[in-house]
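Okay, so here's the structure we're looking at.
Convention: sequence-line order gives letters A, B, ...; per-chain numbering from 1.
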Amino acid sequence: MDKFYDHQNYEKGIYKLWEKSGAFSPKKPTTHNQQPFTIIMPPPNANENLHIGHARFITVEDILTRYHRMKGNPTLWLPGADHAGIETQYVFEKKLKEKGKSRSDYDRDTLYKMIWEYVLENEKNMESQLRALGASCDWTRNKFTLDPKIVKIVYKTFKKLYDDGLVYRGERIVNYCPKCGTSFSQLEVNYLEREDNFYYLDYGTVIIATTRPETIFADTAVAVNPKDARYKNLIGKKAVLPIVGRELTIIADALVDPEFGTGALKITPGHDPTDFEIGEKHKLAKISVIDEKGEMINTPPKYIGILSEVAREEITKDLEQEKKVKKIEKIHHTVGVCYKHKTPIEPLLSKQWFIKIKPLTKLALTAINDKRVKIVTKKYEKVARNWLKNLKDWNISRQIVWGIRIPAWRCNKCFEWTITEGKQPDSCKNCGCQKLTQDPDTFDTWFSSGQWPFATLLTGSETSLKNSTPAAKGLKLAIDVPATEDFEYFYPTSVLETAYDILVFWVLRMIMLGLYATGEVPFKEILLHGLVRDQYGEKISKSKGNVIDPLIMSQKYGADAVRMSLIWGTLVENDIALSEDNIKGQRNFANKVWNVARFILQNKLEVPNVKSQPFNEDDKWIIKELKTLIKKVTRSLDKYRLNEAAEDIYNFIWNKFANNYLEKTKSRRNETQKTLEYVLRESLKLLHPFMPFVTEAIWQKDLAKDRNDLLINSSWPK
RNA sequence: GGUCGGUUAGCUCAGUUGGUUAGAGCGUACGGCUUACAUCCGUAAGGUCGGGGGUUCAAAUCCCUCACCGACCACCA
């Protein structure tokens, strides 16, 4: 054995060895009480390299997977990739911009094809990166969110939701990003604190305070609080729009805060969600004055085509000229911005597909209450409950090309919609007309990834687990898809492991859609992990320049070192501060393990009669310590306390085994070979889920019985 | 404004049913090339566990309160 463990010489070869041997595919159980252990991998976005956050979840999930595989559970870790709708289109458009192009330079099909090729290339790249990190996922079951079979299931779910009355097309205020050119759900809107002008405008009978004077053209009423004594006698009277001169009725609504501004609110149902609500109640007209490019429409000609923010200044000037601006104050408030561009979201009126969320949140809440799905960390359960109580109807249409096209066709004659399971309908279901046009919109990515656990399993696999007791026995699928063996055997899956920042986007949607489509929770436990931060606990970002690339680190120090550093010292659920020093330290540990093995195996003595080796207090001590360690590590892993398990193994191998026992017994080296080898073997097994490469490398050197004896397939110590 | 979380060694963090001298990694100081490893070995310094109050034989751990930090949410036009 070499003096140092050089990971570069081993990692690739070992990964191939595992993959070729079929070790990643679940084995049929040999006894009845071996329950399947399943994790569906959160499919990374196939649009960029893996970052350090991916590396963390890959490490956590791989540790759990390898542990359960060694314990004898038929274990499946199913990999995949996400087309990641808007995220990918955003990344792709940035690339286009570098070439001086934009999305509008291409027609729909061309753009789609270009993105498709880009994604395909990235997907391959991403898969090789997963391999480099040692992910022992079952590549024979690899899935992509745009696989035709997956898309088919997504369509079936949509159709079913529609037939059940849970999908509707509504004209609502949507969160529209003019830069992205699409609407978003409430979750994609971020809020920025800003200082803005607060204009007090003269509406004749009342003064109105507003931050958005450019929307006055869309005003259809003025509202005051019914309890507001100042305005009581004005209710039902008229106010006059400045510049426009149009009369508005003054109405009363409890939503108006009398403390704010002047207590009188201009009602703009076409560009404000609250106003929309008030407008619906009072049956007010809805006027749009800003279009999807963020430009003014339906205004006096001089403003038309101007960006709303620019128009604001122009209009203010004109209002000032007519002495309609009574006062300008500064106001500190929050503004909704696009989560990608950080530019203001335009709330505007649009017709989109919505999912009625209440019946679905009810399913999810019940499942959480009944503990059919358990959130491992309590603090996140509180967050989940809070969200489930407050979610609004879900806008699932996106006005982008990259994604799954919505299977809805509109009749050219009667304008009614016909929804199918993906196929173009022959005729309008309403009037029979044969001329129909498909909705150009695509689904919100989260609508398809929300179906990921059952969609991946329902699309089947090459390998079969026939004659195994199904886990999902007796499940009645709501959607019309035949159950596959994989689905019956592995669904509901064991653990869903992902970052806490997509709890609402993804996890809750999976619970809701999973329960809806299959009648059963998609997973029994939810393990949420924290974010990776830099060595000072600061958020990692490109602009800060503190990015840690997991693959560069792996090349430098080995995948084992990177993995270990990603769980070291911090609970899975908490944010972790990662430093290169820590990775280096773990590289040193890998080398330590290597040298312990080297010492034991290189000096392998010819011991004529193993049985007659003397056994003294030191030997008994290390065996006892090992037994204690096995119990502790097993318990820690079962509770997802990975840092504790890792630290205990580290401490055992380095301090107890190497520095203590090994040093102490060097003088009677010819008596300890059997004990040394035994402790080494068991230690390697315990460490294997954490540092799979170095442990397997050592195993293959001198411990494996034959070519087929892989550490990855060994049994977990008892 | 609301909800949740945090405050433990210089730094980053463990400490889960309250119980012996509060731990780890890194860093620091000092000493060692001891034929497995200098990616190493040995020794050491360093904490009134954010402040205050309470419960208890016993509190970093439970309760109350204050301060500060952070995350998430929210229709303040």
Side-chain angles (χ1 to χ4, degrees), chain A residues 1-6 173 186-187 189-191 196 198-199 208-213 215 219 222-223 255-268 271-278 331-336 347 377-387 389-390 500-501 503-504 530-531 533-539 557-558 561 564-565 568-571 573-603 635-636 639 641 643-644 646-648 650-651 654-655 658-659 662-663 666 669 676:
Chain A
M1 282 170 87
D2 300 329
K3 200 168 174 182
F4 302 111
Y5 169 64
D6 185 355
I173 294 285
Q186 65 179 126
L187 303 182
V189 181
N190 286 163
Y191 291 89
D196 276 316
F198 200 32
Y199 305 91
I208 303 275
T210 180
T211 53
R212 302 203 62 187
T215 61
D219 287 3
V222 165
L255 279 176
V256 181
D257 178 3
E259 305 289 316
F260 194 84
T262 63
L265 174 62
K266 72 198 242 342
I267 301 298
T268 321
H271 291 288
D272 183 279
T274 309
D275 294 6
F276 180 86
E277 203 180 311
I278 294 175
I331 184 174
H332 194 79
H333 67 152
T334 53
V335 180
T377 311
K378 253 191 297 174
K379 61 177 172 183
Y380 296 127
E381 183 179 324
K382 289 180 183 168
V383 178
R385 284 177 185 280
N386 218 10
W387 269 109
K389 283 174 193 151
N390 293 311
Y500 65 71
D501 59 353
L503 169 64
V504 196
L531 276 24
R533 293 166 176 271
D534 77 2
Q535 56 182 316
Y536 307 110
E538 295 287 321
K539 207 169 177 178
Y557 302 108
M564 198 69 163
S565 69
W568 187 262
T570 304
L571 292 168
E573 70 221 46
N574 290 338
D575 290 358
I576 190 168
L578 180 66
S579 68
E580 190 165 340
D581 278 344
N582 188 345
I583 303 174
K584 201 191 279 179
Q586 298 304 338
R587 187 271 318 261
N588 295 352
F589 177 53
N591 189 56
K592 185 74 195 181
V593 178
W594 177 264
N595 271 291
V596 168
R598 183 167 160 240
F599 175 77
I600 295 170
L601 300 173
Q602 204 171 43
N603 299 321
R635 201 166 48 222
S636 297
K639 290 172 158 176
R641 306 182 65 80
N643 60 314
E644 215 169 82
E647 286 162 37
D648 285 338
Y650 179 102
N651 179 39
W654 202 320
N655 296 320
N659 293 354
L662 215 142
E663 291 295 337
K666 265 183 182 170
R669 179 67 183 81
L676 286 171

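The side chain of A:Phe260 lies closest to B:C76 when the candidates are B:A38, B:C75, B:C76. Out of B:C72, B:U39, B:A77, the shortest distance to the side chain of A:Asp272 is found at B:A77. The side chain of A:Ala658 has B:A36 as its nearest neighbour among B:C72, B:A77, B:A36. Considering only side-chain atoms of A:Lys3, the nucleotide from B:A38, B:C4, B:A24 that sits closest is B:A38. The listed nucleotides are B:C41, B:C26, B:U39; the one nearest the side chain of A:Asn588 is B:U39. Comparing atom distances between the A:Thr211 side chain and each of B:A77, B:G42, B:C26 picks out B:A77 as nearest.
Checking A:Gln535 against A:Trp654, the closest nucleotide of RNA chain B that is more toward the 5' end is the one next to A:Gln535. Sequence order on RNA chain B of the closest nucleotides to A:Thr262 and A:Ser579 puts A:Ser579 first from the 5' end.
For A:Lys379, the NZ atom is densely surrounded, since the number of other residues' heavy atoms within 6.0 Å is greater than 12.
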(request) Could you walk me through whether A:Leu265 and A:Asp275 pass side-chain contact (heavy atoms from CB on, under 4.5 Å), step by step? (result) CA-CA 9 Å; A:Leu265 174 62; A:Asp275 294 6; 4.1 Å; yes
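Here the P atom of nucleotide B:A14 and the CZ atom of A:Arg635 are 20 Å apart, to the nearest Å.
Interface remark: the A:Lys666 side chain does form a donor-acceptor pair with the B:A36 base, using a distance-only criterion of under 3.5 Å. Remark: the A:Lys382 side chain and the B:C4 base include no donor-acceptor N/O pair separated by less than 3.5 Å. At a cut-off of 3.5 angstrom, counting only N and O atoms as typed in the model, there is a donor on one side and an acceptor on the other between the side-chain of A:Glu663 and the base of B:A36.
Remark: the A:Glu580 side chain and the A:Tyr557 side chain contain an N/O donor-acceptor pair separated by less than 3.5 Å.
Pairing for B:G1 goes to B:C73, judged as Watson-Crick or G-U wobble with the two contacts each under 3.5 Å.
Heavy atoms of A:Asn386 sit under 4.0 angstrom from primed sugar atoms or phosphate atoms, though from no base atom.
Classification of the A:Phe589-A:Trp654 ring pair by plane angle, with boundaries at 30° and 60°, yields parallel.
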